[in-house]
Amino acid sequence: MPYICTLLLNMSQKIRVRFAPSPTGPLHIGGVRTALFNYLFAKKHGGDFVLRIEDTDQSRYVEGAENYIVEALNWCGIPYDEGPAKEGSFGPYRQSERKQLYAQYAQQLLDSGNAYYAFDTQERLDFHRKDHEAKGKTFIYNWHNRLKLDNSLSLSKEEVQTKLESGIPHVIRFKSPQDSTVVFEDVVRGTIEIDSNTLDDKILFKSDGMPTYHLANIVDDHLMEISHVIRGEEWLPSSALHHLLYEAFGWEKPVFAHLPLIMKPTGKGKLSKRDGEKGGFPVFPLSWNESEGYREAGYFPEAVVNFLAMLGWNPGTEQELFSLEELVEAFSLERVNKSGARFDPEKTKWYNHQWLQKKNDGELAELFRSVLDDKGILHDAQNDSHVEKVIGLIKERADFVSDFWGLGSYFFEAPISYAEKPAKKQWKEDTPNIMSAVANIIRDTEDFTSTALETNIKAWATESELSFGKVMGPLRLVIVGDLKGPHLFDILAMLGKEECLRRIEKGVGVLR
(Lines give C-alpha, C1' and ligand atoms only; values in the text may rest on other atoms or scores of the structure.)
Protein backbone atom coordinates (compact mmCIF):
# COMPACT_ATOMS: atom_id res chain seq x y z
CA MET A 1 0.00 0.00 0.00
CA PRO A 2 1.27 3.53 -0.71
CA TYR A 3 2.31 5.99 1.99
CA ILE A 4 0.94 9.40 1.04
CA CYS A 5 1.66 12.90 2.34
CA THR A 6 -0.87 15.46 1.11
CA LEU A 7 0.51 18.95 0.60
CA LEU A 8 -1.68 21.20 2.71
CA LEU A 9 -0.91 24.63 4.06
CA ASN A 10 -3.21 24.94 7.01
CA MET A 11 -3.15 28.65 7.68
CA SER A 12 -4.83 28.13 11.03
CA GLN A 13 -1.68 26.31 12.13
CA LYS A 14 1.17 28.38 13.50
CA ILE A 15 3.96 28.49 10.93
CA ARG A 16 7.14 27.18 12.52
CA VAL A 17 10.29 26.40 10.56
CA ARG A 18 13.74 25.37 11.66
CA PHE A 19 17.32 25.61 10.51
CA ALA A 20 19.17 22.60 11.87
CA PRO A 21 22.90 22.65 11.09
CA SER A 22 25.51 20.35 12.56
CA PRO A 23 28.41 22.08 14.38
CA THR A 24 31.05 20.27 12.38
CA GLY A 25 32.77 23.30 10.86
CA PRO A 26 32.02 26.64 9.22
CA LEU A 27 28.62 27.37 7.75
CA HIS A 28 28.69 27.13 3.95
CA ILE A 29 26.74 29.77 2.01
CA GLY A 30 24.44 26.94 0.91
CA GLY A 31 23.51 26.56 4.57
CA VAL A 32 23.06 30.31 4.91
CA ARG A 33 20.66 30.24 1.96
CA THR A 34 18.67 27.44 3.60
CA ALA A 35 18.45 29.52 6.78
CA LEU A 36 17.44 32.56 4.73
CA PHE A 37 14.62 30.78 2.91
CA ASN A 38 13.32 29.43 6.21
CA TYR A 39 13.48 32.92 7.71
CA LEU A 40 11.72 34.54 4.74
CA PHE A 41 8.94 31.96 4.77
CA ALA A 42 8.41 32.29 8.51
CA LYS A 43 8.31 36.08 8.47
CA LYS A 44 6.05 36.12 5.40
CA HIS A 45 3.47 34.16 7.37
CA GLY A 46 4.05 35.64 10.83
CA GLY A 47 5.72 32.48 12.02
CA ASP A 48 8.74 31.42 14.07
CA PHE A 49 12.26 30.72 12.84
CA VAL A 50 13.98 28.15 15.07
CA LEU A 51 17.67 27.30 15.27
CA ARG A 52 18.34 23.73 16.37
CA ILE A 53 21.90 22.46 16.73
CA GLU A 54 22.04 18.84 15.56
CA ASP A 55 25.08 17.58 17.43
CA THR A 56 24.23 13.92 17.92
CA ASP A 57 27.47 12.92 16.20
CA GLN A 58 29.89 14.03 18.90
CA SER A 59 32.86 12.53 17.04
CA ARG A 60 32.51 15.26 14.38
CA TYR A 61 31.83 18.14 16.77
CA VAL A 62 34.11 21.13 16.17
CA GLU A 63 34.77 23.65 18.93
CA GLY A 64 33.53 27.11 18.01
CA ALA A 65 31.29 25.96 15.15
CA GLU A 66 28.04 26.67 17.01
CA ASN A 67 29.11 30.22 17.89
CA TYR A 68 30.13 30.67 14.25
CA ILE A 69 26.64 29.66 13.09
CA VAL A 70 24.95 32.11 15.46
CA GLU A 71 27.31 34.95 14.56
CA ALA A 72 26.84 34.30 10.84
CA LEU A 73 23.05 34.43 11.10
CA ASN A 74 23.20 37.62 13.12
CA TRP A 75 25.64 39.26 10.69
CA CYS A 76 23.35 38.40 7.79
CA GLY A 77 20.46 40.02 9.62
CA ILE A 78 18.41 36.82 9.85
CA PRO A 79 18.44 36.08 13.60
CA TYR A 80 16.45 33.17 14.96
CA ASP A 81 13.43 33.53 17.24
CA GLU A 82 14.14 30.39 19.29
CA GLY A 83 17.32 28.45 19.82
CA PRO A 84 20.42 28.33 22.01
CA ALA A 85 20.46 31.35 24.36
CA LYS A 86 16.95 32.25 23.12
CA GLU A 87 15.00 29.61 24.94
CA GLY A 88 11.38 29.24 23.95
CA SER A 89 8.74 26.71 24.95
CA PHE A 90 10.25 23.86 22.94
CA GLY A 91 13.84 23.65 24.22
CA PRO A 92 16.46 22.64 24.79
CA TYR A 93 17.67 23.36 21.25
CA ARG A 94 20.83 21.27 21.17
CA GLN A 95 20.17 17.63 20.41
CA SER A 96 22.94 16.55 22.77
CA GLU A 97 20.85 18.09 25.57
CA ARG A 98 17.75 16.19 24.44
CA LYS A 99 19.24 12.70 24.25
CA GLN A 100 17.13 11.42 27.14
CA LEU A 101 14.04 11.99 24.96
CA TYR A 102 14.95 9.76 22.05
CA ALA A 103 15.23 6.34 23.71
CA GLN A 104 11.52 6.25 24.49
CA TYR A 105 10.65 6.91 20.87
CA ALA A 106 13.05 4.23 19.68
CA GLN A 107 11.34 1.87 22.13
CA GLN A 108 7.95 2.90 20.76
CA LEU A 109 9.04 1.84 17.30
CA LEU A 110 10.35 -1.46 18.67
CA ASP A 111 7.06 -2.11 20.45
CA SER A 112 5.03 -1.38 17.31
CA GLY A 113 7.19 -3.66 15.17
CA ASN A 114 8.54 -0.82 13.04
CA ALA A 115 12.09 -1.23 14.35
CA TYR A 116 14.34 -4.02 15.58
CA TYR A 117 17.59 -4.69 17.44
CA ALA A 118 20.63 -5.48 15.29
CA PHE A 119 23.72 -7.08 16.85
CA ASP A 120 25.85 -7.39 13.71
CA THR A 121 29.49 -6.54 14.30
CA GLN A 122 31.26 -4.07 12.05
CA GLU A 123 33.58 -6.85 10.89
CA ARG A 124 30.64 -9.00 9.82
CA LEU A 125 28.99 -6.13 7.95
CA ASP A 126 32.28 -5.34 6.20
CA PHE A 127 32.51 -9.00 5.16
CA HIS A 128 29.05 -8.87 3.58
CA ARG A 129 29.87 -5.61 1.76
CA LYS A 130 33.07 -6.99 0.31
CA ASP A 131 31.36 -10.24 -0.64
CA HIS A 132 28.67 -8.32 -2.50
CA GLU A 133 31.25 -6.09 -4.22
CA ALA A 134 33.14 -9.16 -5.40
CA LYS A 135 29.90 -10.35 -7.02
CA GLY A 136 29.22 -6.97 -8.58
CA LYS A 137 26.41 -6.20 -6.18
CA THR A 138 25.69 -3.55 -3.55
CA PHE A 139 25.05 -4.65 0.02
CA ILE A 140 21.81 -3.22 1.40
CA TYR A 141 20.60 -4.19 4.86
CA ASN A 142 16.84 -4.58 4.36
CA TRP A 143 13.98 -7.00 3.71
CA HIS A 144 15.88 -9.27 1.35
CA ASN A 145 18.61 -10.27 3.82
CA ARG A 146 17.69 -9.13 7.34
CA LEU A 147 16.37 -12.55 8.33
CA LYS A 148 19.82 -13.96 7.54
CA LEU A 149 21.66 -11.43 9.73
CA ASP A 150 22.18 -11.09 13.46
CA ASN A 151 19.11 -9.21 14.67
CA SER A 152 15.91 -9.56 16.67
CA LEU A 153 13.98 -10.56 13.55
CA SER A 154 16.15 -13.62 12.92
CA LEU A 155 16.78 -14.58 16.57
CA SER A 156 14.41 -15.98 19.15
CA LYS A 157 13.08 -13.76 21.93
CA GLU A 158 15.26 -15.66 24.37
CA GLU A 159 18.40 -15.12 22.30
CA VAL A 160 17.63 -11.42 21.94
CA GLN A 161 17.03 -11.02 25.66
CA THR A 162 20.26 -12.80 26.48
CA LYS A 163 22.25 -10.54 24.16
CA LEU A 164 20.64 -7.43 25.62
CA GLU A 165 21.24 -8.51 29.21
CA SER A 166 24.85 -9.42 28.36
CA GLY A 167 25.48 -5.88 27.16
CA ILE A 168 26.43 -6.94 23.65
CA PRO A 169 26.74 -3.80 21.52
CA HIS A 170 23.73 -3.27 19.33
CA VAL A 171 21.85 -0.69 17.29
CA ILE A 172 18.18 -0.17 16.54
CA ARG A 173 17.23 -0.26 12.86
CA PHE A 174 14.06 0.86 11.14
CA LYS A 175 12.12 -1.92 9.47
CA SER A 176 11.51 -0.65 5.95
CA PRO A 177 8.37 -2.03 4.28
CA GLN A 178 8.55 -4.56 1.45
CA ASP A 179 6.81 -4.26 -1.92
CA SER A 180 5.36 -0.82 -1.23
CA THR A 181 5.54 2.58 -2.88
CA VAL A 182 6.33 5.57 -0.70
CA VAL A 183 4.47 8.53 -2.19
CA PHE A 184 4.87 12.06 -0.89
CA GLU A 185 4.52 15.64 -2.01
CA ASP A 186 7.21 18.28 -2.06
CA VAL A 187 6.48 21.97 -2.63
CA VAL A 188 9.46 22.30 -4.98
CA ARG A 189 9.62 18.80 -6.51
CA GLY A 190 5.97 17.87 -6.77
CA THR A 191 4.90 14.25 -6.31
CA ILE A 192 7.73 11.83 -5.51
CA GLU A 193 7.43 8.05 -5.58
CA ILE A 194 10.01 5.69 -4.08
CA ASP A 195 10.05 1.90 -4.31
CA SER A 196 10.38 0.74 -0.71
CA ASN A 197 12.37 -2.30 -1.82
CA THR A 198 15.29 0.01 -2.61
CA LEU A 199 15.42 1.42 0.93
CA ASP A 200 17.86 0.11 3.52
CA ASP A 201 16.97 -0.38 7.16
CA LYS A 202 18.62 2.75 8.52
CA ILE A 203 20.09 2.82 12.00
CA LEU A 204 17.93 4.97 14.29
CA PHE A 205 19.72 4.45 17.58
CA LYS A 206 23.45 3.87 17.90
CA SER A 207 25.34 1.61 20.25
CA ASP A 208 26.66 4.66 22.14
CA GLY A 209 23.14 5.53 23.30
CA MET A 210 22.73 8.44 20.89
CA PRO A 211 20.13 8.65 18.14
CA THR A 212 21.10 9.08 14.53
CA TYR A 213 20.04 12.17 12.62
CA HIS A 214 17.01 10.38 11.20
CA LEU A 215 15.31 9.60 14.50
CA ALA A 216 16.32 12.77 16.33
CA ASN A 217 15.27 14.92 13.38
CA ILE A 218 11.77 13.48 13.18
CA VAL A 219 11.19 13.46 16.93
CA ASP A 220 12.42 17.04 17.35
CA ASP A 221 10.41 18.36 14.42
CA HIS A 222 7.32 16.76 15.90
CA LEU A 223 7.91 17.93 19.47
CA MET A 224 8.83 21.44 18.32
CA GLU A 225 5.67 21.57 16.19
CA ILE A 226 7.56 22.32 12.99
CA SER A 227 5.00 22.98 10.27
CA HIS A 228 7.35 23.16 7.26
CA VAL A 229 10.67 21.43 6.68
CA ILE A 230 12.65 23.55 4.22
CA ARG A 231 16.05 22.01 3.63
CA GLY A 232 18.69 21.27 1.01
CA GLU A 233 18.33 18.84 -1.86
CA GLU A 234 20.97 16.59 -0.30
CA TRP A 235 18.31 15.41 2.17
CA LEU A 236 15.93 14.29 -0.56
CA PRO A 237 17.18 10.65 -0.51
CA SER A 238 16.32 10.50 3.20
CA SER A 239 12.80 11.82 2.71
CA ALA A 240 11.19 8.42 2.11
CA LEU A 241 12.52 7.16 5.45
CA HIS A 242 11.37 10.31 7.21
CA HIS A 243 7.87 9.97 5.79
CA LEU A 244 7.81 6.32 6.84
CA LEU A 245 8.82 7.32 10.36
CA TYR A 246 5.95 9.79 10.57
CA GLU A 247 3.64 6.99 9.44
CA ALA A 248 5.10 4.60 12.01
CA PHE A 249 4.59 7.09 14.84
CA GLY A 250 1.14 8.05 13.61
CA TRP A 251 2.09 11.73 13.56
CA GLU A 252 0.94 14.44 11.19
CA LYS A 253 3.66 15.22 8.68
CA PRO A 254 5.02 18.71 8.09
CA VAL A 255 5.07 20.17 4.59
CA PHE A 256 8.40 19.45 2.87
CA ALA A 257 10.36 21.63 0.44
CA HIS A 258 13.80 20.62 -0.82
CA LEU A 259 15.93 23.47 -2.13
CA PRO A 260 18.18 23.11 -5.19
CA LEU A 261 21.93 22.87 -4.85
CA ILE A 262 24.25 25.84 -5.34
CA MET A 263 26.44 24.74 -8.21
CA LYS A 264 30.05 25.53 -9.13
CA PRO A 265 30.65 28.52 -11.43
CA THR A 266 31.02 26.01 -14.26
CA GLY A 267 27.54 24.70 -13.49
CA LYS A 268 28.80 21.15 -12.87
CA GLY A 269 28.84 19.85 -9.32
CA LYS A 270 28.07 21.34 -5.92
CA LEU A 271 29.94 24.49 -4.88
CA SER A 272 32.73 23.64 -2.45
CA LYS A 273 35.42 25.29 -0.38
CA ARG A 274 37.97 24.16 -2.95
CA ASP A 275 36.09 26.05 -5.68
CA GLY A 276 36.38 29.22 -3.62
CA GLU A 277 40.09 28.71 -3.03
CA LYS A 278 40.67 28.02 -6.71
CA GLY A 279 38.53 30.92 -7.93
CA GLY A 280 39.57 33.41 -5.27
CA PHE A 281 36.12 34.01 -3.78
CA PRO A 282 34.56 33.21 -0.40
CA VAL A 283 32.16 30.33 0.20
CA PHE A 284 31.63 31.07 3.91
CA PRO A 285 29.79 34.05 5.42
CA LEU A 286 32.58 34.71 7.95
CA SER A 287 36.25 33.77 7.95
CA TRP A 288 37.17 30.36 9.29
CA ASN A 289 40.81 29.50 9.91
CA GLU A 290 42.60 30.34 6.66
CA SER A 291 39.40 30.72 4.62
CA GLU A 292 38.19 34.28 4.06
CA GLY A 293 34.53 35.02 4.64
CA TYR A 294 32.21 37.44 2.86
CA ARG A 295 32.29 39.78 5.84
CA GLU A 296 36.09 39.98 5.86
CA ALA A 297 36.20 40.28 2.07
CA GLY A 298 34.27 43.52 2.40
CA TYR A 299 30.78 42.43 1.37
CA PHE A 300 27.74 44.04 2.92
CA PRO A 301 25.33 41.60 4.60
CA GLU A 302 22.51 43.09 2.53
CA ALA A 303 24.38 42.12 -0.65
CA VAL A 304 25.05 38.58 0.58
CA VAL A 305 21.40 38.06 1.52
CA ASN A 306 20.31 39.55 -1.81
CA PHE A 307 22.47 37.36 -4.03
CA LEU A 308 21.74 34.22 -1.99
CA ALA A 309 18.00 34.81 -2.33
CA MET A 310 18.36 34.89 -6.11
CA LEU A 311 20.19 31.54 -6.16
CA GLY A 312 17.37 29.10 -6.75
CA TRP A 313 14.44 31.51 -6.35
CA ASN A 314 13.02 34.15 -8.62
CA PRO A 315 10.38 36.79 -7.89
CA GLY A 316 8.67 36.45 -11.26
CA THR A 317 9.68 40.00 -12.18
CA GLU A 318 12.77 41.75 -13.53
CA GLN A 319 13.64 43.12 -10.08
CA GLU A 320 17.06 42.01 -8.80
CA LEU A 321 17.72 44.28 -5.83
CA PHE A 322 15.74 43.44 -2.72
CA SER A 323 16.00 44.60 0.84
CA LEU A 324 15.30 41.93 3.46
CA GLU A 325 11.85 43.42 4.00
CA GLU A 326 11.14 43.27 0.27
CA LEU A 327 12.31 39.66 0.14
CA VAL A 328 9.93 38.73 2.95
CA GLU A 329 7.08 40.33 1.04
CA ALA A 330 7.94 38.71 -2.31
CA PHE A 331 9.09 35.26 -1.19
CA SER A 332 7.15 32.08 -1.88
CA LEU A 333 8.24 28.45 -1.92
CA GLU A 334 6.32 27.92 -5.16
CA ARG A 335 8.84 30.12 -6.98
CA VAL A 336 11.85 28.08 -5.84
CA ASN A 337 13.46 26.31 -8.80
CA LYS A 338 14.04 22.57 -9.04
CA SER A 339 17.33 22.79 -10.92
CA GLY A 340 20.63 23.75 -9.32
CA ALA A 341 21.63 27.42 -9.24
CA ARG A 342 25.00 28.27 -10.80
CA PHE A 343 27.15 30.44 -8.58
CA ASP A 344 28.59 33.50 -10.34
CA PRO A 345 31.41 35.25 -8.40
CA GLU A 346 31.20 38.34 -10.62
CA LYS A 347 27.48 38.67 -9.98
CA THR A 348 28.12 38.67 -6.24
CA LYS A 349 30.45 41.64 -6.73
CA TRP A 350 27.75 43.34 -8.80
CA TYR A 351 25.33 43.00 -5.90
CA ASN A 352 27.85 44.49 -3.50
CA HIS A 353 28.46 47.37 -5.91
CA GLN A 354 24.73 48.08 -6.06
CA TRP A 355 24.36 48.06 -2.29
CA LEU A 356 27.43 50.26 -1.88
CA GLN A 357 25.80 52.85 -4.14
CA LYS A 358 22.67 52.76 -1.99
CA LYS A 359 24.54 53.68 1.20
CA ASN A 360 24.95 57.31 2.17
CA ASP A 361 28.39 58.89 2.03
CA GLY A 362 28.54 59.40 5.79
CA GLU A 363 28.08 55.70 6.50
CA LEU A 364 30.70 54.78 3.90
CA ALA A 365 33.10 57.38 5.30
CA GLU A 366 32.82 55.78 8.71
CA LEU A 367 33.64 52.38 7.22
CA PHE A 368 36.55 53.90 5.29
CA ARG A 369 37.91 55.49 8.47
CA SER A 370 39.94 52.43 9.52
CA VAL A 371 41.83 52.51 6.21
CA LEU A 372 42.59 56.21 6.62
CA ASP A 373 43.67 55.68 10.21
CA ASP A 374 46.15 53.07 9.03
CA LYS A 375 47.47 55.61 6.53
CA GLY A 376 47.90 58.24 9.24
CA ILE A 377 45.17 60.52 7.85
CA LEU A 378 44.05 62.88 10.61
CA HIS A 379 40.57 62.41 12.03
CA ASP A 380 38.73 65.69 12.60
CA ALA A 381 35.41 67.28 11.68
CA GLN A 382 36.81 69.14 8.69
CA ASN A 383 38.52 66.05 7.34
CA ASP A 384 35.39 63.96 7.91
CA SER A 385 33.47 66.31 5.65
CA HIS A 386 36.28 66.06 3.09
CA VAL A 387 36.16 62.24 3.22
CA GLU A 388 32.42 62.21 2.60
CA LYS A 389 32.80 64.49 -0.42
CA VAL A 390 35.61 62.32 -1.80
CA ILE A 391 33.47 59.21 -1.46
CA GLY A 392 30.65 60.98 -3.26
CA LEU A 393 32.98 61.48 -6.22
CA ILE A 394 34.55 58.01 -6.41
CA LYS A 395 32.05 55.48 -5.07
CA GLU A 396 30.40 54.94 -8.46
CA ARG A 397 33.55 53.09 -9.54
CA ALA A 398 33.87 51.04 -6.35
CA ASP A 399 32.64 47.52 -5.58
CA PHE A 400 33.97 47.53 -2.00
CA VAL A 401 34.90 50.10 0.62
CA SER A 402 38.43 48.76 0.33
CA ASP A 403 38.48 50.08 -3.26
CA PHE A 404 38.26 53.69 -2.08
CA TRP A 405 41.96 54.12 -1.36
CA GLY A 406 43.02 52.87 -4.76
CA LEU A 407 40.42 55.05 -6.43
CA GLY A 408 41.07 58.21 -4.46
CA SER A 409 44.34 58.17 -2.53
CA TYR A 410 45.39 61.36 -4.35
CA PHE A 411 42.68 63.25 -2.47
CA PHE A 412 44.69 62.65 0.70
CA GLU A 413 48.29 62.37 -0.49
CA ALA A 414 50.12 64.10 -3.31
CA PRO A 415 51.52 61.68 -5.90
CA ILE A 416 55.12 60.67 -5.32
CA SER A 417 55.50 59.20 -8.81
CA TYR A 418 53.81 59.51 -12.16
CA ALA A 419 52.50 56.73 -14.37
CA GLU A 420 55.17 56.03 -16.96
CA LYS A 421 53.09 55.44 -20.10
CA PRO A 422 50.78 58.46 -19.66
CA ALA A 423 53.80 60.64 -18.85
CA LYS A 424 55.54 59.69 -22.09
CA LYS A 425 52.39 60.28 -24.08
CA GLN A 426 51.15 63.47 -22.40
CA TRP A 427 54.34 65.35 -21.57
CA LYS A 428 55.64 67.42 -24.51
CA GLU A 429 58.30 70.09 -24.85
CA ASP A 430 55.81 72.94 -24.33
CA THR A 431 53.91 71.23 -21.47
CA PRO A 432 55.84 72.98 -18.64
CA ASN A 433 54.88 76.38 -20.06
CA ILE A 434 51.26 75.27 -20.43
CA MET A 435 51.19 74.05 -16.83
CA SER A 436 52.71 77.34 -15.61
CA ALA A 437 49.94 79.24 -17.41
CA VAL A 438 47.28 76.94 -15.88
CA ALA A 439 48.83 77.53 -12.45
CA ASN A 440 48.40 81.29 -12.95
CA ILE A 441 44.72 80.80 -13.83
CA ILE A 442 44.22 78.66 -10.72
CA ARG A 443 46.02 81.27 -8.62
CA ASP A 444 43.80 84.04 -9.99
CA THR A 445 40.50 82.17 -9.62
CA GLU A 446 38.72 83.65 -6.61
CA ASP A 447 35.57 81.52 -6.76
CA PHE A 448 37.41 78.22 -6.30
CA THR A 449 34.63 75.93 -7.47
CA SER A 450 34.60 73.16 -10.05
CA THR A 451 32.41 75.22 -12.40
CA ALA A 452 34.53 78.38 -12.19
CA LEU A 453 37.79 76.47 -12.67
CA GLU A 454 36.43 74.63 -15.70
CA THR A 455 35.12 77.83 -17.26
CA ASN A 456 38.36 79.77 -16.74
CA ILE A 457 40.81 77.04 -17.85
CA LYS A 458 38.79 76.01 -20.91
CA ALA A 459 38.33 79.64 -21.93
CA TRP A 460 42.10 80.19 -21.73
CA ALA A 461 42.78 77.02 -23.74
CA THR A 462 40.35 78.13 -26.44
CA GLU A 463 41.89 81.62 -26.61
CA SER A 464 45.37 80.08 -26.79
CA GLU A 465 44.24 77.75 -29.58
CA LEU A 466 45.22 74.70 -27.51
CA SER A 467 43.27 71.46 -27.63
CA PHE A 468 41.68 70.49 -24.34
CA GLY A 469 43.60 67.20 -24.46
CA LYS A 470 46.90 69.01 -24.53
CA VAL A 471 45.94 70.83 -21.33
CA MET A 472 43.76 68.41 -19.37
CA GLY A 473 45.91 65.28 -19.72
CA PRO A 474 49.10 66.79 -18.29
CA LEU A 475 47.11 68.68 -15.66
CA ARG A 476 45.44 65.47 -14.46
CA LEU A 477 48.83 63.73 -14.48
CA VAL A 478 50.50 66.26 -12.15
CA ILE A 479 47.47 66.44 -9.86
CA VAL A 480 46.62 62.73 -9.64
CA GLY A 481 49.78 60.97 -10.79
CA ASP A 482 47.87 59.07 -13.48
CA LEU A 483 45.08 59.55 -16.02
CA LYS A 484 42.34 58.37 -13.67
CA GLY A 485 39.72 59.73 -11.34
CA PRO A 486 36.43 61.61 -11.55
CA HIS A 487 35.83 64.99 -13.20
CA LEU A 488 39.18 66.82 -13.09
CA PHE A 489 37.73 70.15 -11.98
CA ASP A 490 35.89 68.46 -9.10
CA ILE A 491 39.28 67.13 -7.97
CA LEU A 492 40.88 70.58 -8.19
CA ALA A 493 38.07 72.17 -6.19
CA MET A 494 38.31 69.44 -3.54
CA LEU A 495 42.08 69.79 -3.14
CA GLY A 496 42.04 73.57 -2.80
CA LYS A 497 44.12 76.27 -4.45
CA GLU A 498 47.37 75.93 -2.50
CA GLU A 499 47.54 72.13 -2.85
CA CYS A 500 46.85 72.32 -6.60
CA LEU A 501 49.66 74.86 -7.06
CA ARG A 502 52.07 72.71 -5.04
CA ARG A 503 51.29 69.63 -7.13
CA ILE A 504 51.70 71.48 -10.43
CA GLU A 505 55.04 72.88 -9.34
CA LYS A 506 56.26 69.47 -8.14
CA GLY A 507 55.01 67.66 -11.25
CA VAL A 508 56.65 70.11 -13.62
CA GLY A 509 59.90 69.77 -11.72
CA VAL A 510 59.88 65.97 -11.85
CA LEU A 511 58.59 65.51 -15.41
CA ARG A 512 60.53 68.35 -17.08
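Keep in mind that what you see is a predicted model, and the values were worked out from it rather than measured.
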Do F412 and H386 pass the ring-ring contact (aromatic ring centres under 6.0 Å, His included) test, and can you show the C-alpha distance, the side-chain angles, and the key distance before you say yes or no? CA-CA 9 Å; F412 306 97; H386 176 71; 5.5 Å; yes
Verify salt bridge (charged side-chain N to carboxylate O under 4.0 Å, His left out) between R52 and E54, making sure each step is shown before the conclusion. CA-CA 6 Å; R52 187 172 71 224; E54 303 207 333; 2.7 Å; yes
Salt bridge (charged side-chain N to carboxylate O under 4.0 Å, His left out) for K470 and D430? Distances and angles first, verdict last. CA-CA 10 Å; K470 197 165 186 178; D430 59 346; 2.9 Å; yes
Would you please test E346 and K349 for salt bridge (charged side-chain N to carboxylate O under 4.0 Å, His left out) and show each step? CA-CA 5 Å; E346 292 306 311; K349 292 181 182 178; 3.7 Å; yes
As a quick check of understanding, evaluate salt bridge (charged side-chain N to carboxylate O under 4.0 Å, His left out) for K86 and E82, giving each step before the final call. CA-CA 5 Å; K86 287 187 181 180; E82 295 175 26; over 6 Å; no
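A 4.5 Å side-chain heavy-atom check between I391 and F404 finds at least one atom pair inside the cut-off. For the pair K99 and Q95, the minimum side-chain heavy-atom distance is 4.5 Å or more. For the pair V387/F368, a side-chain contact is recorded, criterion being any heavy-atom separation below 4.5 Å from C-beta on. T24 has its side chain out of reach of Y61: every pair of non-hydrogen atoms, C-beta onward, lies at least 4.5 Å apart. Within the 4.5 Å cutoff, the side chain of D444 has no heavy atoms near those of the N456 side chain. Looking at heavy atoms from C-beta onward, P84 lies in side-chain contact with E66 at the 4.5 angstrom threshold. Side-chain contact between F19 and F49 is present, with heavy atoms from C-beta onward closer than 4.5 Å. Using a 4.5 Å cut-off on side-chain heavy atoms (C-beta onward), T431 and K428 make contact.
No donor-acceptor pair under 3.5 Å is formed between the side chain of S96 and the backbone N or O of T56. Between the side chain of H28 and the backbone N or O of G30 there is at least one donor-acceptor pair closer than 3.5 Å. At distances below 3.5 Å, at least one donor-acceptor pair connects side-chain atoms of Y93 with backbone N or O atoms of G88. Proximity of a side-chain donor or acceptor of R443 to a complementary backbone N or O of L501 within less than 3.5 Å is not detected. Using modelled atom types, no side-chain atom of K506 and backbone atom of V478 make a donor-acceptor pair closer than 3.5 Å. No donor-acceptor pair under 3.5 Å is formed between the side chain of K338 and the backbone N or O of G190.
Closest heavy-atom contact between C500 and L495: SG-CB, 4.0 Å. Of all heavy-atom pairs spanning R476 and K484, the tightest one is NH1-O, 2.8 Å. Contact detail for L453 and F448: the closest heavy-atom pair is CD2-CE1, 3.6 Å. Closest of all the heavy-atom pairs between V50 and Y80 is C-CB, 4.5 Å. Shown here for L477 and Y418, the closest heavy-atom pair between the two residues is O-CD2, 3.3 Å. Here the closest heavy-atom approach between residue P21 and residue L51 is recorded as CD-CD1, 3.7 Å.
In summary, the side chains of Y102 and D220 do present a donor paired with an acceptor at a separation below 3.5 Å, with no hydrogens or angles considered. No side-chain N or O of W405 forms a donor-acceptor pair with one of S409 less than 3.5 Å apart. Judged purely by distance below 3.5 Å, without hydrogens or angles, the side chains of S291 and N289 never pair a donor atom with an acceptor atom. N306 and W355 are linked by a side-chain donor-acceptor pair at a separation below 3.5 angstrom, with hydrogens and angles left out of the test.
For the atom pair L308 CG and C76 SG, the distance stands at 7.0 Å (nearest 0.5 Å). Going from atom NZ of K497 over to atom OG1 of T445 covers 6.5 Å, rounded to the nearest 0.5 Å. With values rounded to the nearest 0.5 angstrom, R295 atom CZ is found 14.5 Å from F300 atom CZ. Atom CG of residue D482 and atom CD of residue E420 lie 11.5 Å apart, to the nearest 0.5 angstrom. Atom CG of L236 sits about 4.5 Å away from atom CD1 of I192, to the nearest 0.5 Å. Between the CD atom in E363 and the CG atom in L356 there is a gap of 9.5 Å [rounded to 0.5 Å].
Within 6.0 Å of CD in E396 there are 12 or fewer heavy atoms belonging to other residues, nucleotides or ligands. For Q100, the CD atom sits in a packed shell: over 12 heavy atoms of surrounding residues, nucleotides or ligands are nearer than 6.0 Å. Enclosure of atom CZ in R60 is not indicated, since only 12 or fewer non-hydrogen atoms of other residues, nucleotides or ligands lie within 6.0 angstrom. Atom NZ of K389 is surrounded by 12 or fewer heavy atoms from other residues, nucleotides or ligands within 6.0 Å. Counting non-hydrogen atoms of other residues, nucleotides and ligands closer than 6.0 Å to CD of E413 gives a total above 12.
With a 6.0 Å cutoff to the six-membered ring centre and a 45° limit on the axis angle, R33 counts as a cation-pi contact of F37. Geometrically, K347 engages Y351 in a cation-pi contact defined by less than 6.0 Å to the ring centre and at most 45° from the axis.
Listed by chain and number, the residues in a side-chain contact (heavy atoms from CB on, under 4.5 Å) with S287 are E292, E296 (sequence neighbours excluded).
Every pair passing salt bridge (charged side-chain N to carboxylate O under 4.0 Å, His left out) that includes a residue from residues 261-271 is listed here, sequence neighbours excluded: K264-D275. Residue pairs meeting the side-chain hydrogen bond (donor to acceptor under 3.5 Å, both in side chains) criterion with at least one member in residues 35-44, sequence neighbours excluded: K43-D81. Among residue pairs with one or both ends in residues 18-32, those qualifying as salt bridge (charged side-chain N to carboxylate O under 4.0 Å, His left out) are R18-D221; sequence neighbours excluded.
Taking the six-membered ring for Trp and the full ring otherwise, F322 and F307 have centroids separated by 6.0 Å or more.
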Could you give the side-chain donor-acceptor pairs of residues 254-263 under 3.5 Å, partners two or more places apart or in another chain?
unit_1	atom_1	unit_2	atom_2	d
H258	ND1	D186	OD2	2.6
H258	NE2	R231	NE	3.0
H258	NE2	S239	OG	3.0

Counting only pairs under 3.5 Å, give me each side-chain donor-acceptor contact of residues 209-217, with atom names and distances, residues two or more places apart or in other chains.
unit_1	atom_1	unit_2	atom_2	d
T212	OG1	I203	O	2.7
T212	OG1	L204	O	3.4
Y213	OH	N217	ND2	2.9
H214	ND1	H242	NE2	3.0

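In summary, E366 and K359 do not engage in a salt bridge, as defined by a charged side-chain N under 4.0 Å from a carboxylate O. Residues R94 and D55 are not paired through a salt bridge, judged by the lack of any N-O separation under 4.0 Å between the basic side chain and the carboxylate. Between E499 and R502 there is a salt bridge, with a side-chain nitrogen of the basic residue lying less than 4.0 Å from a carboxylate oxygen of the acidic one.
The aromatic rings of H228 and F41 sit tilted relative to each other, their planes meeting at an angle between 30° and 60°.
Checked against F281 for a side-chain contact (heavy atoms from CB on, under 4.5 Å), the options D344, L271, T348 give a single hit: L271.
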